[in-house]
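Report on the structure given below.
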Amino acid sequence: MGTITLEGLEFFAYHGYYPEEQRIGNKYSLDITIHTNFILAAEHDKLSETVNYETLYSIAVEVMKEPAHLLEHIALKVIQKIRGSYPSVDKVTVKVSKFNPPVGGVCNRAAITMEG
């Protein structure tokens with residue numbers, strides 16, 4: 001058992017609860033961690049026996065292109081698509097961060113973390 005993690009994937013996207021957020025966009029960050037057994041990949045040195053980083057990134061790109069109101073929705077969509085591509089993984093953890101959220105004061109990031 002082990003983990004595969006992509007950290008700090010950055011996107012400019014059009015998510016948010018308020019209409020102006022979806023109109024002007026914002027910067028977002030994703031961290032994706034996959035918990036899986038990749039001993040065969042390690043023994044055989046074969047990409048086909050593990051989770052491909054490029055596929056994970058492509059899933060993140062696809063989800064970030066679809067406007068959403070909530071960070072929770074983004075995380076759930078990423079988890080669902082990863083599980084669709086890699087049904088044998090034990091757990092997927094996704095952290096979604098929004099830079100400079102509209103909270104009425106100074107806040108570098110708002111973030112949620114979801115496991116599935």
Assigning hydrophobic clusters by single linkage (Ile, Leu, Val, Met, Phe, Trp, Tyr; side-chain heavy-atom cutoff under 4.5 Å), is [X] placed with [Y]?
X   : Y   : result
Y86 : Y53 : yes
L70 : I79 : no
V92 : V61 : yes
L6  : V63 : yes

Which pair of heavy atoms, one from [X] and one from [Y], lies closest together, and at what distance?
X   : Y   : value
K81 : I59 : CB-CG2, 3.6 Å
I32 : A60 : CD1-CB, 4.3 Å
F12 : I24 : CZ-O, 3.4 Å

Within a strict 4.5 Å, meaning less than it, do heavy atoms of the H73 and K77 side chains meet?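 Counting from C-beta outward, H73 and K77 do come under 4.5 Å.
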Side chains of E43 and E49: does their closest heavy-atom pair fall under 4.5 Å? no
Gap separating the [atom1] atom of [X] from the [atom2] atom of [Y], nearest 0.5 angstrom:
X   : Y   : atom1 : atom2 : answer
T50 : I34 : OG1   : CD1   : 9.5 Å
I4  : N52 : CD1   : CG    : 9.5 Å
L30 : Y57 : CG    : OH    : 10.0 Å
E7  : K95 : CD    : NZ    : 9.5 Å

Can you list the steps and then say if T33 with T5 is a side-chain hydrogen bond (donor to acceptor under 3.5 Å, both in side chains)? CA-CA 4 Å; T33 300; T5 304; 3.2 Å; yes
So with a 6.0 Å cut-off around CG of D90, is the heavy-atom count from everything else above 12? yes
Check the surroundings of atom CD in E54: do more than 12 heavy atoms from other residues, nucleotides or ligands lie under 6.0 Å from it?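 At most 12 heavy atoms, drawn from other residues, nucleotides or ligands, come within 6.0 Å of this atom.
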Taking the side chain from [X] and the backbone from [Y], do they hold a donor-acceptor pair closer than 3.5 Å?
X   : Y   : answer
R83 : V89 : yes
D31 : G8  : yes
E10 : S29 : no

Counterpart residues, salt bridge (charged side-chain N to carboxylate O under 4.0 Å, His left out), relative to E72 (two or more places apart): none
If you look only at distance, which donor and acceptor atoms sit under 3.5 Å apart when one is on a side chain in residues 96-116 and the other is two or more places apart or in another chain?
unit_1 : atom_1 : unit_2 : atom_2 : d
K98    : NZ     : E21    : OE2    : 2.4

Out of K27, M64, K65, which residue meets the side chain to side chain contact (heavy atoms under 4.5 Å, CB included) rule with F11?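 Single side chain to side chain contact (heavy atoms under 4.5 Å, CB included) partner of F11 among K27, M64, K65: M64.
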Can you list every ring-ring contact (aromatic ring centres under 6.0 Å, His included) pair that touches residues 23-47, not counting sequence neighbours?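 Found H15-Y28.
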